[in-house]
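Just so it is clear, the values below take in all heavy atoms, side chains as well, and ignore hydrogens, waters and symmetry mates.
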Amino acid sequence: MKAVFQHIKGDKTIWAIVAVLAIFSFMPVYSASTNLVYVVGSGSTLGYLVKHMVLLIMGFAIIYGVHKIPYRYFSGGSVLMLPIVIILLIFTLAQGTTIGGANASRWIRIPFVGIGFQTSTLAGLVLMVYVARYLARNKEKAIVFKESILQLWLPVSLVLLLILPANFSTTAIIFTMILIIAFVGGYPLKYIGFILGAGIIALSFFILIAKAFPDAMPNRVQTWQSRIDSFSSSEGKEAYQVEKAKIAIATGGPIGVGPGKSVQKNFLPQSSSDFIYAIIVEEYGLIGAILVVFIYFLLLFRVFVVLKKTTTIFGTLLVIGVGLPIIFQATINMAVATNLFPVTGQTLPLISSGGTSIWMTCFALGMILSVSASKEETEEDILDDNPLDILHETID
């Protein structure tokens, strides 16, 4: 055991938090998957649990591999990955498939493996690193707004516009996080205001086009509208989900009905992913609910600990850019389950079932651990990086 820990670098508390969340997730996923087995009529509860465990083991392998990479490589790597991500997003919009009833243009299937991959999650991660790179490289310079539009906001806009038709909530989260990184990174506040205004105008324009040509993007704007309407209404599919989630939470009481004894998992759609928090509250009660919130709060605290110890601007912005979205996503998932927020389709990081979410969360955590493990990186090493040199070193 000691030999294993010698190979693990970075913040040990973050490693422990990931392990706790992963182990804790087994029982809720196993329990909630009965909905897929008996209602949808596919697979077995044990099969879903084994799949979830395999995905988590692969996730740990991703964390281990990524945290061994010096974080300066992520800077140039984001430039190399950006065109690939754009191509993947275009391909997804054109060829995306329905996974478990999800929107047809969110997913592509990984060949030979048969696992659905949500390209927008990868795009968000790459975009965060790319923005952190730009801000770090221009920290000591006077930012010219016209230049930043071409170098920063044009790639950001392109990626977000490709994600938007299929996944509004993910687009909104990424855009919000980018504005936060830009503010922390010293990007002028008046320009951030311009970008925010431009984003609102672009969204309004998109909605008008979608309503004018409904055949081009069937049901997307209607879906967003119905989710917002049903948030304050008692009718519709989303209202049904929220009603069942409320019953699950109310049934849980202080200590819950016990592991595996949830009743609402048989009626609540997406009970093993989007609404797994409601099942956790039903089975583990208020104690379980508070414990999950506390663990994510502890992860946020450790992210700030890593920030305090980071010696480079890029490292600081990288940790913010990939760390805060994990907490933000967890908060939204729990807020949806408790009817404090409209239904969005965001999973609970490291607890909900689903390969893409687990893998990208693990990739982000690996980056944070890489930053926390680094003691020798300097601003010059990172800012003078050349993506082609990184590609050459990787091939060698």
**Student:** Ring centres under 6.0 Å, that's the criterion: do Phe24 and Tyr284 meet it?
**Tutor:**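 Yes.
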**Student:** Under 3.5 Å, is there a donor-acceptor pair between the side chain of Ser370 and the main chain of Gly366?
**Tutor:** no
**Student:** According to side chain to side chain donor-acceptor pair (under 3.5 Å), does anything in residues 247-262 pair up with another residue at least two apart or in another chain? List the pairs.
**Tutor:** Ser262-Glu282
**Student:** Can I get a per-line list of side-chain donor-acceptor pairs under 3.5 Å for residues 297-309, giving both atom names and the distance, sequence neighbours left out?
**Tutor:**
{"from": "Arg302", "atom 1": "NE", "to": "Asp11", "atom 2": "OD1", "distance (Å)": "3.4"}
{"from": "Arg302", "atom 1": "NE", "to": "Asp11", "atom 2": "OD2", "distance (Å)": "3.1"}
{"from": "Arg302", "atom 1": "NH2", "to": "Asp11", "atom 2": "OD2", "distance (Å)": "2.8"}

**Student:** Show me the side-chain donor-acceptor pairs of residues 324-338 shorter than 3.5 Å, one per line, residues at least two apart or across chains.
**Tutor:**
{"from": "Gln329", "atom 1": "NE2", "to": "Thr347", "atom 2": "O", "distance (Å)": "2.9"}
{"from": "Gln329", "atom 1": "NE2", "to": "Thr347", "atom 2": "OG1", "distance (Å)": "3.0"}
{"from": "Thr331", "atom 1": "OG1", "to": "Ile327", "atom 2": "O", "distance (Å)": "2.8"}
{"from": "Asn333", "atom 1": "ND2", "to": "Asp274", "atom 2": "O", "distance (Å)": "2.9"}
{"from": "Asn333", "atom 1": "ND2", "to": "Gln346", "atom 2": "O", "distance (Å)": "2.7"}
{"from": "Thr338", "atom 1": "OG1", "to": "Met334", "atom 2": "O", "distance (Å)": "2.8"}
{"from": "Thr338", "atom 1": "OG1", "to": "Ala335", "atom 2": "O", "distance (Å)": "3.3"}

**Student:** How many angstroms lie between CG in Leu291 and CG in Leu286, if you round to the nearest 0.5 Å?
**Tutor:** 11.0 Å
**Student:** Any chance you could measure Ser374, atom OG, to His67, atom NE2, to the nearest 0.5 Å?
**Tutor:**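 Output value for this atom pair is 12.0 Å.
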**Student:** Please list, one pair per line, the donor and acceptor atoms closer than 3.5 Å that link side chains of residues 180-187 to other protein atoms, with sequence neighbours excluded.
**Tutor:**
{"from": "Tyr187", "atom 1": "OH", "to": "Ser148", "atom 2": "OG", "distance (Å)": "2.7"}
{"from": "Tyr187", "atom 1": "OH", "to": "Trp153", "atom 2": "NE1", "distance (Å)": "2.9"}

**Student:** Rounded to the nearest 0.5 Å, what's the gap from CG on Leu348 to OG on Ser357? Could you check?
**Tutor:**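 Nearest 0.5 Å value for the CG-OG distance: 8.5 Å.
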**Student:** Taking only residues two or more places apart in sequence or in another chain, which ones pass side chain to side chain contact (heavy atoms under 4.5 Å, CB included) with Ala123?
**Tutor:** Val85, Leu89, Val159, Ile163
**Student:** Please collect all side chain to side chain donor-acceptor pair (under 3.5 Å) contacts where either partner lies in residues 13-29, sequence neighbours excluded, each pair once.
**Tutor:** Ser25-His52
**Student:** Which is it for Ile351 and Tyr296 under the side-chain contact (heavy atoms from CB on, under 4.5 Å) test, yes or no, and what are the steps along the way?
**Tutor:** CA-CA 11 Å; Ile351 292 181; Tyr296 284 115; 3.7 Å; yes
**Student:** So with a 6.0 Å cut-off around CD1 of Ile255, is the heavy-atom count from everything else above 12?
**Tutor:**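 It does not: Ile255 CD1 has 12 such atoms or fewer within range.
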